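Comments concern the structure below.
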Amino acid sequence: MTEEVRVRFAPSPTGNLHIGGAHTALFNWLWARHEGGKFVLRIEDSDRERSTKEYEENIYSGLEWLGLHWDEGPQIGGPYGPYRQSERLDIYHSYADKLLNEGLAYREGEAVIFRVMPGEVVSFDDIVYGHIEVKSETLKDIVLIKSDGTPTYNYAVVIDDFTMAITHVIRGEDHIANTPKQILLYKALGIKLPEFAHLPMILGKDKKKLSKRHGATSVLEYKEMGFLPEALFNFLALLGWSPGDNREIFSVEEAIKWFDIKDVNKRASVFDMDKLRHINQEHIKRMDPERRLEAVKPFWVALDLPIEKHSPEYLAKVLEIMDGRGQTLKELAEYTDYFLTFEPVKERVDFEYTENVREVLRPFCNDMIKLSRWDSKALEEFAREWSANKKVPLKKIAMPLRILLTGTKVSPGIFEVIELLGREETKKRLAHWGILG
RNA sequence: GGUCCCAUCGUCUAGAGGUCUAGGACACCGCCCUUUCAAGGCGGCGGCACGGGUUCAAAUCCCGUUGGGACCGCCA
């Protein structure tokens, strides 16, 4: 029988859930789900000065938005609680006392410090990075308990991972250098070591560690920018891992099925916004219409567009007609504003332009508006015939129509747009520009 | 400075000694769709950091060089 896989994500609430943290959480979560194990959330708030409730909330919201639900953690509890370091002080002290009594640690001031003996080779086999070893004399003594009575990271993490029965410690590569120190502690305590798997770092475009300078500081900002959680998930999963077979766009379920911690690579990767946008676009295309509509609504509202004046069917049609255009929900909302109201069109088109095209468009529109059938096919057929008869290039009609009706040079096929806008609305808009009559 | 880690197109990656004149994706650049592109189709550019080994054979293994990065707090 094999023991149940137990992994944890242990952020400190001294900042928002950023891309790096989300990436680490994601890989832990994937491994737990793939193995049918448990994903534990532990809040490392031993730095009481910098930890805040707001950051803690941001971390919860960020994880939830990404769909990384945890099996044990603060609030929901679990058999290995408490899950907040600030509530586990007595545990840290009892193990520290043990080391003190055995003479393996000493007091200096109020602090408890572990004595590192020279002449030892500390090594471990990382699932991702392979065999790593360092000589103990390159390590300094390790502070276990700070003078204020709170534990240090390197100490608390060992006690917590052990007492929470964590089987795989999956974290950022920046922790490799800490691992030998922690191993010394595991050995001194005589407790079982977990498996270690370090993850490659995510760098900014300048190849430096991702930070505020690189933009978003919270994953929730990606939500506001119009990214889908499954797209960010997909993108993040691709940083340091790939399912092979040239598969790049996949669902969360597929990732769970295909993921293996052993397949993670060692090379740090650069966060590429263009690729994220592309993956987001692919996921928007794959969404079912109802969900897509619900996802775009808030962005229309943010633009003050009157969604309440239209039926859900019409709104869904609007998104359908966009047929893959737009890389974010925000763009999709912006690109379709003219379907919800004429106002932005009025602002975008200057009167002089209408003067120039009126002569060509007027006779055409006067006939078009009276067409018996009002669908894109009939509209287009009519336009083609008209342009052939009058020896006017179709372009001379289609483009001005597009600009007058949508206020932009880019849109879906103009006859599809006209069909969806409807005869009355089209009539209203053309009349406004003085094209009819 | 010390210790540790990394190294395939600009970017994300496939590649676990021969099937690699290195595959895919993003980006970029063309062309087409002659109603636009922010949609779609087709094509192009572009990489194994360098030098030594090992081997019949190396992107793949070893060593070195160079270049990046991380850690060296009573932060996590």
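Per chain, numbering begins at 1; letters A, B, ... match sequence-line order. For the numbers below, each heavy atom of this structure counts, side chains included, while hydrogens, waters and symmetry mates do not. These numbers come from a predicted model, not from an experiment.
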Residue among F27(A), W31(A), F196(A) satisfying ring pair (Phe, Tyr, Trp, His ring centres under 6.0 Å) with H168(A): W31(A)
Determine the contact category for [X]: base if any of its heavy atoms lies under 4.0 Å from a base atom, sugar-phosphate if only primed atoms, P, OP1 or OP2 are that close, otherwise nothing.
| X | result |
| --- | --- |
| G326(A) | nothing |
| G172(A) | nothing |
| T408(A) | base |
| E110(A) | nothing |
| P412(A) | base |
| Y129(A) | sugar-phosphate |
| H175(A) | base |
| K409(A) | base |

Pick the [atom1] atom in [N] and in [M], then give their distance to the nearest Å.
| N | M | atom1 | answer |
| --- | --- | --- | --- |
| rC33(B) | rA38(B) | C1' | 16 Å |
| rG52(B) | rU66(B) | C1' | 14 Å |
| rC56(B) | rC42(B) | C1' | 43 Å |
| rG40(B) | rU36(B) | C1' | 13 Å |
| rA27(B) | rC20(B) | P | 27 Å |
| rA59(B) | rU8(B) | C1' | 7 Å |
| rA49(B) | rA14(B) | P | 15 Å |
| rC63(B) | rC6(B) | P | 12 Å |

Measure [atom1]/[X] against [atom2]/[N] and give the value in whole Å, please.
| X | N | atom1 | atom2 | value |
| --- | --- | --- | --- | --- |
| F227(A) | rC26(B) | CZ | P | 16 Å |
| F124(A) | rC5(B) | CZ | P | 9 Å |
| I279(A) | rA27(B) | CD1 | P | 11 Å |
| L319(A) | rA38(B) | CG | C1' | 14 Å |
| E49(A) | rC75(B) | CD | P | 10 Å |
| L238(A) | rU11(B) | CG | P | 16 Å |
| R402(A) | rU36(B) | CZ | P | 7 Å |
| D160(A) | rA76(B) | CG | C1' | 12 Å |

Can a side chain N or O of [X] be found less than 4.0 Å away from OP1 or OP2 on [N]?
| X | N | result |
| --- | --- | --- |
| Q281(A) | rC26(B) | no |
| S269(A) | rU13(B) | yes |
| K207(A) | rG10(B) | no |
| K285(A) | rG40(B) | yes |
| R247(A) | rG24(B) | no |
| K330(A) | rA38(B) | no |
| R171(A) | rA76(B) | no |
| K135(A) | rC4(B) | no |

Of the nucleotides [options], which has the atom closest to the [X] side chain?
| X | options | answer |
| --- | --- | --- |
| E248(A) | rU35(B), rG24(B), rA14(B) | rG24(B) |
| I132(A) | rC4(B), rA76(B), rU36(B) | rC4(B) |
| E173(A) | rA76(B), rA70(B), rG23(B) | rA70(B) |
| F415(A) | rA76(B), rU35(B), rC72(B) | rU35(B) |
| N178(A) | rU36(B), rA76(B), rG24(B) | rA76(B) |
| K181(A) | rC72(B), rC4(B), rC6(B) | rC72(B) |
| V410(A) | rA70(B), rC37(B), rU8(B) | rC37(B) |
| A177(A) | rC71(B), rG23(B), rC74(B) | rC71(B) |

According to the Watson-Crick and G-U wobble definitions, with both distances under 3.5 Å, which nucleotide is paired to [N]?
| N | result |
| --- | --- |
| rG67(B) | rC6(B) |
| rC37(B) | none |
| rG1(B) | rC72(B) |
| rC61(B) | rG53(B) |
| rU21(B) | none |

Would you mind telling me which of D141(A), I145(A), N154(A), L144(A) makes a side chain to side chain contact (heavy atoms under 4.5 Å, CB included) with F114(A)? L144(A)
What do you reckon, is NZ of K146(A) surrounded by more than 12 foreign heavy atoms closer than 6.0 Å? yes
Distance-only donor-acceptor test (3.5 Å): side chain [X], base [N]:
| X | N | value |
| --- | --- | --- |
| T152(A) | rA76(B) | no |
| K275(A) | rA25(B) | yes |
| R325(A) | rC37(B) | yes |

Sub-3.5 Å donor-acceptor pair from the side chain of [X] to the main-chain atoms of [Y], do we have one?
| X | Y | value |
| --- | --- | --- |
| N366(A) | R362(A) | yes |
| D375(A) | K377(A) | yes |
| S242(A) | L238(A) | no |

Quick one: sort the F342(A) and H432(A) rings into parallel, tilted or perpendicular, breaks at 30° and 60°. perpendicular
Does the distance from a Lys or Arg side-chain N to an Asp or Glu carboxylate O, for E254(A) and K257(A), drop under 4.0 Å? no
Name the residue closer to the 5' end of RNA chain B, choosing between N265(A) and E44(A) according to the nucleotide with the nearest heavy atom. N265(A)
Residue whose nearest RNA chain B nucleotide is more 5′ - D148(A) or S411(A): S411(A)
Has R6(A) got its NZ or CZ under 6.0 Å from the middle of the six-membered ring of Y80(A), at an angle within 45 degrees of the ring axis? yes
Check whether NZ of the Lys or CZ of the Arg R247(A) lies under 6.0 Å from the centre of the six-membered ring of W258(A) and within 45 degrees of that ring's axis. yes
